[in-house]
Amino acid sequence: MQYNFNEIEAKWQKYWAENQTFKAENNSDKEKFYVLDMFPYPSGAGLHVGHPLGYIASDIYARYKRHKGFNVMHPQGYDSFGLPAEQYAIQTGQHPAITTAENIKTYRRQLDQIGFSFDWSREVRTSDPKYYKWTQWIFIQIFNSWYNKDTDKAEDISSLVAVFEKEGNASVNAVCDDEVEAFSAADWNSFSDKRKQEVLLQYRLTYLAETEVNWCPALGTVLANDEIVNGVSERGGHPVVRKKMTQWSMRISAYAQRLLDGLEKIDWPQPLKDSQTNWIGRSQGASVVFPILTFPKGKGTKPGYMTGGNNSHLLLERAKEMRKNPTQAEAVLWESLKGKNLGDKFRRQHVISDFIVDFVCLSKCLVIEVDGAIHDAQKEQDEERTAILNENGFKVIRFKNEEVIGDIDNVLATIQKHLENSVPPMGARGIEVFTTRPDTIFGVSFMTLAPEHDLVLQITTPEQKAEVEAYIEATAKRSERDRMADVKTISGAFTGAYAEHPFSKEPIPIWIGDYVLAGYGTGAVMSVPCGDQRDYDFAKHFNIPIPNIFEGVDISEEAFADKSKTVIANSDFLNGLPYKKAMKLAIYELEKLGQGEGKINYRLRDAVFSRQRYWGEPFPVYYVDGMPQMIAPEHLPIALPEVEKYLPTETGEPPLGNAKEWHWLQYGEEGKVVSEEEFNNSSPLGRLGGALELNTMPGWAGSSQYFNRYMDPTNDNEIFSKEAMNYWQDVDLYIGGSEHATGHLLYSRFWQKFMFDRGFVPKDEFAKKLINQGMITGTSAFVYEAIVSDKNIPNIYISSKVFHQDSEENPKHWEEKEEFFKKYGLVSKDIKYRSIHIDVNLINSQSEVDIEGLKKWREDFLDAKYFFENDGKMLAHHEVEKMSKSKYNVVNPDDICAEYGADSLRLYEMFLGPLEQSKPWNTAGITGTHGFLKKLWRLYFDDNGAKFTDSAPTKDNLKTLHKTIKKVEEDIANFSFNTSVSTFMICVNELSTQKCTSKSVLESLAILVSPYAPHIAEELWSQLGNSESISTAPFPAFDASHLVESSKEYPISFNGKMRFKLELPLDMSKDQIEEAVMSHEKTTQQLQGRTPKKVIVVPGKIVNIVG
RNA sequence: GCUCGAGUGGUGGAAUUGGUAGACACGUUGGACUUAAAAUCCAAUGGACAUUAGUCCGUAUGGGUUCAAGUCCCAUCUCGAGUACCA
């Protein structure tokens, strides 16, 4: 009986599909186990042999767990939104949905033929409206949430509104936009509806903001940072520029700390954790404000309290008059504010810009306005006034007359709170910097701003203006790539302005330089040349003093950055302190001055969530009066509209701008998507709706919760039922590539934490264990081609060995070449050669090229001149590269399955090497695992049929079997699948030698092999007389008693070198072993009369004789 | 530059706590079967000398700890991955 793998595999694949063998139930008494693969993007090229690696590993694990009695969920689906289908659509007009559906068909066929135990009843596709309905739903949940720092979690936005209504935003501790202004409950309640929406948008976990984005003109879209490689787009390699656009953003920065902390409780690969840690980029230090001393535009010549604008002389008289005749409320409040009653000096009826404000604390930049009833009517004007004051760096808080008179204590408490919280805002008053070394603050000898910093133009003196502007222009011209490549050139310019040192009160020159990045921290640094190499180089270059503030350290050559050895000197109150203590004290003193505070800075930026693409999830958002509105969840999904063209519109709008019907129209419960005309012609009475959002969601939207949707994928009423979620909880094993470390895997953790906060999921980390499978690289084949430009000369190819031989080794070829080139008037030794790729499928295991195949493959080779080896063969040479179409090194699993079978492929992919490691594919090697399967088959059958009998297993049979059980279980636990394949080979080799025919042993063996080679295992199982699938047969139990040995072949070594072996009983004592070894003739021979100094006996292990 | 990972036969790779280096395969060589090929089976296969035992050298390099080091420690080199003027 032959091992007919094609027939067997087709038979069992059909059986599994028909019987839904691998369908997982949501309610089961068995313990759950959730094995997940990163779902693929179905590309047009189909699968190559490298793709299934991770799926095979997870499938082995899933099948193993079924044998161990678990209820295993092993789902699969498609991440089917994405750029390639869209690009294809742009080129051909083919709808991406059609392309995608075709590609999925190919993928499914390819996956099926490898025999995965996927539960296809749970399949999801991110581009399916039934699926993206829930992506849209989550977006709405995120929109309706804010991050409360006090409870350290996301909460429903209604809880924030409730606080605003009761007490304004003074006590709200939220993650929000930087430039949120303070308002009272009264303010809030008097805000227009639009104003309220604007304010809330500053707090929502997803928000619209004008952001600088990576715009790729060639692709017509925005790219995320992780979609850019070396300054060009990852896909296509097009240039990328910075551009400002209004975009949806996700406030992932709110979760920075929790994303960091969460890494500690999940079993993920260390390199992956490290790269997430890096990406989040936490650094601890302080934010410090340096007041600016000199203001150009005349400001600097005036005393600090002269804050009036150009028309202030006209206002001064009126201000004086108002001081004399205060309102009752003003008088009451002034009594409490004057004379530093609250600790800070206030002025009343003070001129700022073109306004007279009621009260102002100049040192804290806090304006207090007391309004009468009249102000209700002029809300708009007030808002404008506030805006102008804000621009001048002042924070404005307002109280009503009644509040001041009726509840002065509460008013004062509010003012007090603002005074305490207010570090003077960045703006005209000071420069805020972030530093990780506040201990070195006395070493500051200059400050450096990024050339793009907002303040630069405001503070530059007239004398320095030309230089500064020239420098800014020069840096703007340089691409980001140039700036990165050229780190060594030091450049910068002096602004002419000075800042005041917080402690020494000395003036510090303010420079600009492109080594300071606008996008990190505050875009400004306090430069400590003695403690930071970049500052040091800058100071050296521009001859800025380098004060030394370290005890006993020489800084004449380079900066000293070793925190652990730092002892501070020349630093007033910090003298003599080590780094940590100095840092604490410096922060404490800065806080006392109100010029700084301890701060933790993260590199992690909020994630831009808008893409100018067609083939992505539409937002469930329409706009009214410029403000975004969510469509009620019961109307979801908002389906992707049809468009004629997939390119951006002529006016530069995203592709959805081409849609004819893309307005939302809703009356009461009834809502639909209509054309603009229909919307405009509809009755405004009771109407909801407006123009729909033109952007679509990014690729990571659909992949950030798919693992949860698998738990209940066909539920149309909820994203998943509570019961399903409570049963499955989280992913037990997740396998996928490491390229998603800072993309998908970070965003998914963020969404999971959000879902956890809002009570939708029970776990705040979605995957307990994660494994990154390595890449299977291709082995490319090359031949040497002569570089000749003359068109009359045929293409010339030279066999690899011939190419490397010189005249002495192979005079025959040497002459042949010489002669050939002579014909064309060329000299052979002047000819240069290059390697060119040829199709790897034209090469056999001895690197011989199939010349006939080659000639058919490409016209170039048809009428070419070849220089073969002496035996007439053409040899290729090889190199290991990434598998790719353009390198002609792609091996298709279809071919492998047809020729060797899926089981051989599965075994071979595992056998190649450790799962996590990258390793080259070499088709020739598959004969090893294929041969093993044939040998396995022959253990059960020969030409006469079944060999197995009911005979009792021998001792050796059992020893082999149980050795194998033990090793395989250990290997699976360690994901060391390559070694378990060799264990199977050893086992089968041994059982063959033992001529084992015992049915019980062979039955156990079939189960052991089943996770790895499921088709042959099913066939053997059924031939052994079982009627059920092998998939849930209990895994054989290991029995250590079969492995007990009575003797051991001891290696006897002399001075650590093994010389001979000696079989001794294991129950011998140390002394008995020593005696037996010493009396052995070979020992005497080895010692040659010497007396050993020492004999080391490790019972059960080794004997070593020293001397 | 920084962070992490890795260097073992012709090749992919084994070696779980320091205890017989090179398991298991591929490839190569020789042999059996065959008209021949394929398939299958058997044998050899780290290097050098000796070929009957045997001896020496070998896990990137140099040192160290130890009775014993691929494994532990120090230094150096090379390759791979991630990240980058991160204050």
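In what follows, every chain begins at residue 1, and chains take the letters A, B, ... in the order their sequences are listed.
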J.: Taking the chi torsion of G54(B), is it syn (within 90° of 0) or anti (everything else)?
T.: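 Here G54(B) takes the anti form, which means its glycosidic angle is more than 90° from 0.
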J.: Give a yes or no on this: more than 12 heavy atoms of other residues, nucleotides or ligands lie within 6.0 Å of atom CD of Glu1049(A).
T.: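 Result for CD/Glu1049(A): enclosed.
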J.: Regarding Asn989(A), tell me which of base, sugar-phosphate or nothing describes its non-hydrogen contacts under 4.0 Å with the strands shown.
T.: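 Since only primed, P, OP1 and OP2 atoms lie under 4.0 Å of Asn989(A), the category is sugar-phosphate.
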J.: Could you tell me whether the phosphate oxygens of G13(B), OP1 or OP2, come under 4.0 Å of any side-chain nitrogen or oxygen in Gln917(A)?
T.: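 Looking at the OP1 and OP2 atoms of G13(B), one of them is under 4.0 Å from a side-chain N or O of Gln917(A).
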J.: Below 3.5 Å between N/O atoms, which protein atoms pair up with nucleotides 65-69 of chain B? Just atom names and distances, please.
T.:
{"unit_1": "C67(B)", "atom_1": "O2'", "unit_2": "Asn1104(A)", "atom_2": "ND2", "d": "3.0"}
{"unit_1": "C67(B)", "atom_1": "O2", "unit_2": "Asn1104(A)", "atom_2": "ND2", "d": "2.9"}

J.: With Watson-Crick and G-U wobble geometry limited to distances under 3.5 Å, how should the secondary structure of RNA chain B be encoded in dot-bracket form, using | for bases paired to another strand and [ ] for crossing pairs?
T.: (((((((..(((......[....)))((((((.......))))))((((....))))..(((((..]....))))))))))))....
J.: What is the nucleic acid contact for Arg1059(A), judged by heavy atoms within less than 4.0 Å: base, sugar-phosphate only, or nothing?
T.: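 Sugar-phosphate contact only - Arg1059(A) comes under 4.0 Å of backbone atoms but never of a base.
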J.: Expressed as a whole number of Å, how far does the P atom of G13(B) sit from that of U52(B)?
T.: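 G13(B) and U52(B) have their P atoms separated by 37 Å.
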J.: Looking only at atom C1', what distance separates C42(B) and C57(B), rounded to whole Å?
T.: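 Nearest-Å result for C42(B) against C57(B) at atom C1': 32 Å.
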J.: Using only side-chain N and O atoms of Ser283(A), determine if any of them is under 4.0 Å from OP1 or OP2 of A87(B).
T.: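 Result: yes.
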J.: Whole angstrom is fine here: how far is it from NZ in Lys273(A) over to C1' in G82(B)?
T.: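 In whole Å, G82(B) C1' lies 17 Å from Lys273(A) NZ.
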J.: Expressed as a whole number of Å, how far does the P atom of A25(B) sit from that of U40(B)?
T.: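 That atom pair is separated by 13 Å.
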J.: Parallel under 30°, tilted from 30 to 60°, perpendicular over 60°: which one fits the rings of Phe538(A) and Phe542(A)?
T.: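 Plane angle between 30° and 60°, so tilted.
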J.: Distance between the P atoms of A69(B) and G58(B), in whole angstroms?
T.: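 These two P atoms come out 12 Å apart once rounded.
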J.: Looking at Glu264(A), I'd like to know if its CD atom is crowded, meaning that more than 12 non-hydrogen atoms belonging to other residues, nucleotides or ligands lie closer than 6.0 Å.
T.: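 Counting other residues, nucleotides and ligands, CD of Glu264(A) stays at 12 neighbours or fewer.
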J.: Could you check whether Lys959(A) pairs with Glu990(A) (Lys NZ or Arg NE/NH1/NH2 to Asp/Glu carboxylate O, under 4.0 Å)?
T.: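 Between Glu990(A) and Lys959(A) there is no salt bridge, as every charged N stays at least 4.0 Å from the carboxylate O atoms.
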J.: Rounded to whole angstrom, note down the C1' distance from A60(B) over to C56(B).
T.: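 Between the two C1' atoms, the distance is 22 Å.
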J.: Classify the side-chain pair Asn974(A)/Glu970(A) by whether it contains a donor and acceptor separated by less than 3.5 Å.
T.: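 Result is no, nothing qualifies.
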J.: Find every protein N or O atom lying less than 3.5 Å from an N or O atom of nucleotides 37-43 of chain B, and list the pairs.
T.:
{"unit_1": "A39(B)", "atom_1": "O3'", "unit_2": "Lys934(A)", "atom_2": "NZ", "d": "3.4"}
{"unit_1": "U40(B)", "atom_1": "OP1", "unit_2": "Lys934(A)", "atom_2": "NZ", "d": "3.2"}
{"unit_1": "C41(B)", "atom_1": "OP1", "unit_2": "Arg938(A)", "atom_2": "NH2", "d": "3.0"}

J.: Go through the steps to decide whether Gln276(A) and Thr742(A) satisfy the test side-chain hydrogen bond (donor to acceptor under 3.5 Å, both in side chains), and finish with yes or no.
T.: CA-CA 6 Å; Gln276(A) 290 209 350; Thr742(A) 53; over 6 Å; no
J.: Asn978(A) near the nucleic acid: base, sugar-phosphate alone, or nothing, with a heavy-atom cut-off under 4.0 Å?
T.: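 Counting heavy atoms under 4.0 Å across all strands, the contact made by Asn978(A) is with sugar-phosphate only.
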J.: Heavy-atom distance under 4.5 Å between the side chains of Leu905(A) and Val49(A), does that happen here?
T.: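 The answer is yes, as the side chains (C-beta and beyond) meet within the 4.5 Å cut-off.
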J.: Any base atoms under 4.0 Å from Glu970(A), or only sugar-phosphate, or nothing? Heavy atoms, all strands.
T.: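 It contacts base atoms.
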J.: Taking the six-membered ring for Trp, are Phe975(A) and Phe977(A) parallel (under 30°), tilted (30 to 60°) or perpendicular (over 60°)?
T.: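 Phe975(A) and Phe977(A): perpendicular rings.
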J.: Does the plane of the ring in His1080(A) sit parallel, tilted or perpendicular to the ring in Phe1060(A)? Use 30° and 60° as the thresholds.
T.: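 The rings of His1080(A) and Phe1060(A) lie parallel, inter-plane angle below 30°.
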J.: Are more than 12 heavy atoms from other residues, nucleotides or ligands located less than 6.0 Å from atom NZ of Lys540(A)?
T.: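 Buried by this count: over 12 neighbours within 6.0 Å.
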J.: One thing to verify: whether Arg938(A) and Asp942(A) come together as a salt bridge, which I'm taking to mean a side-chain N less than 4.0 angstrom from a carboxylate O.
T.: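 Salt bridge: no.
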J.: With a 3.5 Å cut-off and no angle check, do the side chains of Thr979(A) and Asp971(A) form a donor-acceptor pair?
T.: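 Indeed, the side chains of Thr979(A) and Asp971(A) share at least one donor-acceptor pair under 3.5 Å.
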